[in-house]
Amino acid sequence: MNSILIIAHAPLAHALRECALHVFPDCAEGVVALDVQPHTSPEETFSMARIAMEQMRSSHFLVLTDVFGATPCNVAQKLVDGVKSKLSTGVNLPMLLRTVSYRHESLEALVSRALIGGSQGIMQVAITAPQNQARKKHDQSHYDHQQ
């Protein structure tokens, strides 16, 4: 089974992990978070990430980072080998939940699932009146004119 390492600006990595544990309480050992603190050097972050990977009992890793080109991503690029570990950026909660759900699949399939989950989780939602509820004449709100 693949392990997932989240490397992101503090406190995002741990917050995402906590959300994943809320939905999938059994994934605690397979999902590790590393928050990059503002004044921590890239070298120190790399060392912490390397230790985190070594402590997980897995031969394959998906590393998720928040922003391409930022320190978490730059550190992760040095960390992954492209064979036993892969990197995806732009992590969001739908992406993480999808990867946790399918972490038993091959690493290549997991990367695909992560990217699809992340992009499908982003959408504009239209605000509509509650379905199948007739509004009474005297049931108007002073907020009706606002969007």
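Side-chain contact between Asn2 and Tyr102: absent, with no pair of heavy atoms (C-beta onward) separated by less than 4.5 Å. The side-chain heavy atoms of Val111 and Ser88, taken from C-beta on, include a pair separated by under 4.5 Å. Side chains of Asp35 and Gln37 form a contact here, defined as non-hydrogen atoms less than 4.5 Å apart. Side-chain contact between Met53 and Ser85 is present, with heavy atoms from C-beta onward closer than 4.5 Å. The closest side-chain heavy-atom distance from Met56 to Glu29 is not below 4.5 Å. Contact annotation: the side chain of Thr99 approaches that of Leu96 to within less than 4.5 Å [non-hydrogen atoms, C-beta and beyond]. Taking 4.5 Å as the limit, every side-chain heavy atom of Val75 sits out of range of all side-chain heavy atoms of Glu43. Within the 4.5 Å cutoff, no side-chain heavy atoms of Val67 are placed close to those of Pro72.
In this structure, the separation between CZ on Phe46 and CD on Gln77 is 12.0 Å, given to the nearest 0.5 Å. From Lys86, atom NZ reaches atom OG of Ser106 across 9.5 Å, with rounding to the nearest 0.5 Å. Between Phe61 atom CZ and Arg103 atom CZ the span is 13.5 Å, to the nearest 0.5 Å. Taken to the nearest 0.5 Å, the NE2 atom of His39 stands 12.5 Å off from the CD atom of Glu44.
Taking every heavy atom of both residues into account, Ile6 and Val31 meet most closely at CD1-CG1, 3.9 Å.
Atom NE2 of His104 sits in a crowded spot, with more than 12 heavy atoms from other residues, nucleotides or ligands closer than 6.0 Å.
With hydrogens and angles ignored, the 3.5 Å screen pairs no side-chain donor or acceptor of Thr40 with any backbone N or O of Val36. The main-chain N or O of Gly90 is never found under 3.5 Å from a side-chain atom of Asp66 such that the two would form a donor-acceptor pair.
Among Leu87, Thr45, Thr65, Ile7, the one residue that satisfies the side-chain contact (heavy atoms from CB on, under 4.5 Å) test with Leu79 is Ile7.
Under the 4.5 Å side-chain heavy-atom criterion for ILVMFWY residues, a single connected hydrophobic cluster contains both Leu62 and Leu115. Hydrophobic cluster membership is shared by Leu110 and Val100, with clusters built from Ile, Leu, Val, Met, Phe, Trp and Tyr side chains linked at under 4.5 angstrom. Taking hydrophobic clusters as Ile, Leu, Val, Met, Phe, Trp and Tyr residues chained together by side-chain heavy-atom distances below 4.5 Å, Leu5 does not share a cluster with Val91.
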